[in-house]
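All remarks here apply to the structure that follows.
Proteins come first, then strands; the chains are lettered A, B, ... in the order of their sequence lines, and each starts at number 1.
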Protein chains: 2
Amino acid sequence: MVDIEPPHGRPDVRPAVMADVARLAGVSHTTVSRVINGHPAVRDHTRERVLKAMESLAYRPNVAARALVTGRTRLLGVISMDTAFYGPVSVLTAVERSARDAGYAVSIVHLPDLTARALGEAADFLTGQAVAGIVAIIPHIATMNALTHVPDVPIVAVEGCSGTIPTAAVDQYLGARQAVEHLLALGHETVAHIAGPADWYEAPERERGWRDALEAAARPVPPVERGDWTAKSGYAATGRLLARPGLTALFAGNDLMALGALLALHEAGVPVPGEVSVVGFDDAPESAYFTPPLTTVRQDFAEIGRQGLALLLEQLEGRAPGHRHVSTVPTLTVRASTAPPGAAAREGRRA
Amino acid sequence: MVDIEPPHGRPDVRPAVMADVARLAGVSHTTVSRVINGHPAVRDHTRERVLKAMESLAYRPNVAARALVTGRTRLLGVISMDTAFYGPVSVLTAVERSARDAGYAVSIVHLPDLTARALGEAADFLTGQAVAGIVAIIPHIATMNALTHVPDVPIVAVEGCSGTIPTAAVDQYLGARQAVEHLLALGHETVAHIAGPADWYEAPERERGWRDALEAAARPVPPVERGDWTAKSGYAATGRLLARPGLTALFAGNDLMALGALLALHEAGVPVPGEVSVVGFDDAPESAYFTPPLTTVRQDFAEIGRQGLALLLEQLEGRAPGHRHVSTVPTLTVRASTAPPGAAAREGRRA
DNA sequence: ACATTAAGAGCACTCTTTATC
DNA sequence: TGATAAAGAGTGCTCTTAATG
């Protein structure tokens, strides 16, 4: 037996390969491969010897070799945006978790900006990595539309929209209606709305829900103020809203803009919910600790992340996707930022 | 010329391989390889023919084949936690961006819990993917220590700590001192502290900074209240703080706990900053829109993300890392939540 | 003839070695 | 001889085909 060793012998740390396992187990590399892939034509006794050999050599299959020969990887791509917003972040986490549970690794790319070019580059990068599929977490309409052109890789959208791509999302319209109906049920004559940017998927949907709820109750529909999802924009929009007469109820497009609204109202000496009620959208964890705690619409981001991944796996495994657009129902969480109109006056112990 | 085609001829979409390029360009596969890898021994004329062929075939090198033969991948692993906290999320984004700029893909794994086992599995998963290196974004001490045992892959920690692993982080101690010194300079006799969980890297550092600042000014050091970074815990801790006499200044371990504190103070009828001043830590984007806008310590998460990646690349490329622990200086951002003690009484127009 | 196992041909590249102008 | 190009072995695995008991 001739063992050629490196002359000044730190132990050879080259990772074990299949041939090493085969040699140690006294079988051919083919048999080792079969054991790894669960092929039935292996005697139990043999399988155990192989398993033991793999164990003792700490053998790990080489993913590159495997990918090369099979032409497939266990790698999924995720395209997300460059924001720390609660929603996309939660979705990403859920997608990654589900993917790994299904035995896939996740390669992530953040878009530097919301252009078709950036999206194209991201998709290119991922296909260059030979990803088996792509999950897009991009609730931006124009950017998302560019995704239609990505070739040869199954794609799903989460928290986004696209006529042609399978999608998992929360029913924004329904959430908005719930928010507005809650306010109307409290007795408010109408509800003002700070909408998100019109080119984001959620914004027009929420706006439509707001409008429909108002019209269904035959209430006046005030003009929309528009923000960009940030607290800053919510603050500014509320300033404009305050210049109008008769504001008693405000539906903000998301929790962050609601936060800005709360500050603007506070600075203007307007008690919430005493004189103005505020509702948000998202139910980020901190929204329960705003001053006052925010009534808001809860979206289950983790759930749509999981659903999106399931949709992708359906495509990857060739199962016919039953329904290509999955939608989740949001729930209204009532907290301290909403009350009947004029509550301040009636209570008489505020301001 | 015999072209064997699939019988009912949708065009063959098999991606082009190097041999196809070589054939089209009329050179050998070796030459194509050289062009791809920037080898000098290729005539300009030849190089151009090859480039043109690659272009017209939309050729993309096969990463698996490449990884197989070179034994290296352009893949980096990131281990993060399962939270939507602003800090880790921002770091992750910056790391990914920097990695991609350096030509690396990023595979991410979120820890389901903060145990050594979960960490081990995550690291295992990543080494199984043959990552070239790992970035750990885990500011949890015990978990992080388990990382020392990961074999054979260069590792760096960002926003974490470890005696043995190269680290990029913000100087927490300094930030805490700045916060407390700001409060003392305003005239507060002492400063209460809501610390983060003791097993997280940042918490003891901030606590130490707080204590040292107080002691350096010969002030009494009140007992610490402890939270878990959430707004909820900040709210609860502030409740306990309010039971003590003489609270005028509060240094919360992070912005979220400060948010909870703000709510607790508001509900207790304590004006901020009129009767109590509050300082946070992190400077998340929304903190500027708390009620009132929060004075806080700004950490440049993106910067430490970039630095962490740079540290990793140094290891990967064999450059001797000059300094293995990189530290960034945070800056105090003063907003409306801090004022001299007794400001409410002096101003006389509040509550 | 059947359940197991082995042999060997790729897979798409890189890189060393050899040939050519 | 030196610049440029080609040949060919090797990378670790899967899978089809052939051999074995």
Where the side chain of A/T30 is defined as all heavy atoms beyond and including C-beta, which of D/dT14, C/dA7, C/dC15 is the nearest nucleotide? C/dA7

Could you list all N or O pairs between the protein and nucleotides 2-4 of chain D that sit under 3.5 Å apart?
none

Rounded to the nearest Å, what distance is computed from the CZ atom of residue B/R14 to the C1' atom of nucleotide C/dG10? 13 Å

Among residues at least two apart in sequence or on other chains, which ones pass side-chain hydrogen bond (donor to acceptor under 3.5 Å, both in side chains) with A/R72? none

Can any side-chain N or O of A/R49 pair as donor or acceptor with the backbone N or O of A/A25 at less than 3.5 Å? yes

Residues two or more places apart in sequence or in another chain: which of them pass side-chain hydrogen bond (donor to acceptor under 3.5 Å, both in side chains) with A/E55? none

Does A/T127 use its side chain to pair, donor to acceptor, with the backbone of A/A130 at less than 3.5 Å? no

Short of 4.0 Å, heavy atom to strand atom, which residues of residues 56-72 of chain B count as contacting DNA chain C? B/Y59, B/R60, B/P61, B/N62, B/A65, B/R66, B/V69, B/T70, B/R72

What residue among A/L312, A/V326, A/V95 forms side-chain contact (heavy atoms from CB on, under 4.5 Å) with A/Q307? A/V326

ring-ring contact (aromatic ring centres under 6.0 Å, His included): pairs with one or both residues in residues 110-144 of chain B, sequence neighbours excluded: B/H140-B/W200

Short side-chain N/O contact to D/dA5 OP1/OP2 from B/T31, under 4.0 Å: no

Whole Å only: how far is the CE atom of A/M54 from the C1' atom of D/dG12? 15 Å

Please identify each residue that fulfils side-chain hydrogen bond (donor to acceptor under 3.5 Å, both in side chains) with B/Y104, with sequence neighbours left out. B/R74

B/D20 side chain to B/V17 main-chain N or O, any donor-acceptor pair under 3.5 Å? yes

Residues in side chain to side chain contact (heavy atoms under 4.5 Å, CB included) with A/S28, at least two apart? A/T30, A/T31

Between protein and nucleotides 19-21 of chain C, what N or O pairs are separated by less than 3.5 Å?
none

Output yes when at least one side-chain N/O atom of B/S33 is less than 4.0 Å from OP1 or OP2 of C/dC13, else no. no

Which parts of residues 17-24 of chain A get close to DNA chain D, meaning a heavy atom less than 4.0 angstrom away? A/V17, A/M18

Separation of D/dC13 P from A/I36 CD1 (nearest whole Å): 7 Å

With nearest nucleotide decided by heavy atoms, which residue, A/H29 or A/H39, maps closer to the 5′ end of DNA chain C? A/H39

What residues, two or more places apart in sequence or in another chain, satisfy side chain to side chain contact (heavy atoms under 4.5 Å, CB included) together with B/V158? B/V91, B/V135, B/I304

Do the side chain of B/E303 and the main chain of B/T328 share a donor and acceptor less than 3.5 angstrom apart? no

ring-ring contact (aromatic ring centres under 6.0 Å, His included) partners of residues 27-55 of chain A, not counting sequence neighbours, each pair once: none

Contacts of type side-chain hydrogen bond (donor to acceptor under 3.5 Å, both in side chains), residue A/E121, not counting sequence neighbours: A/R117

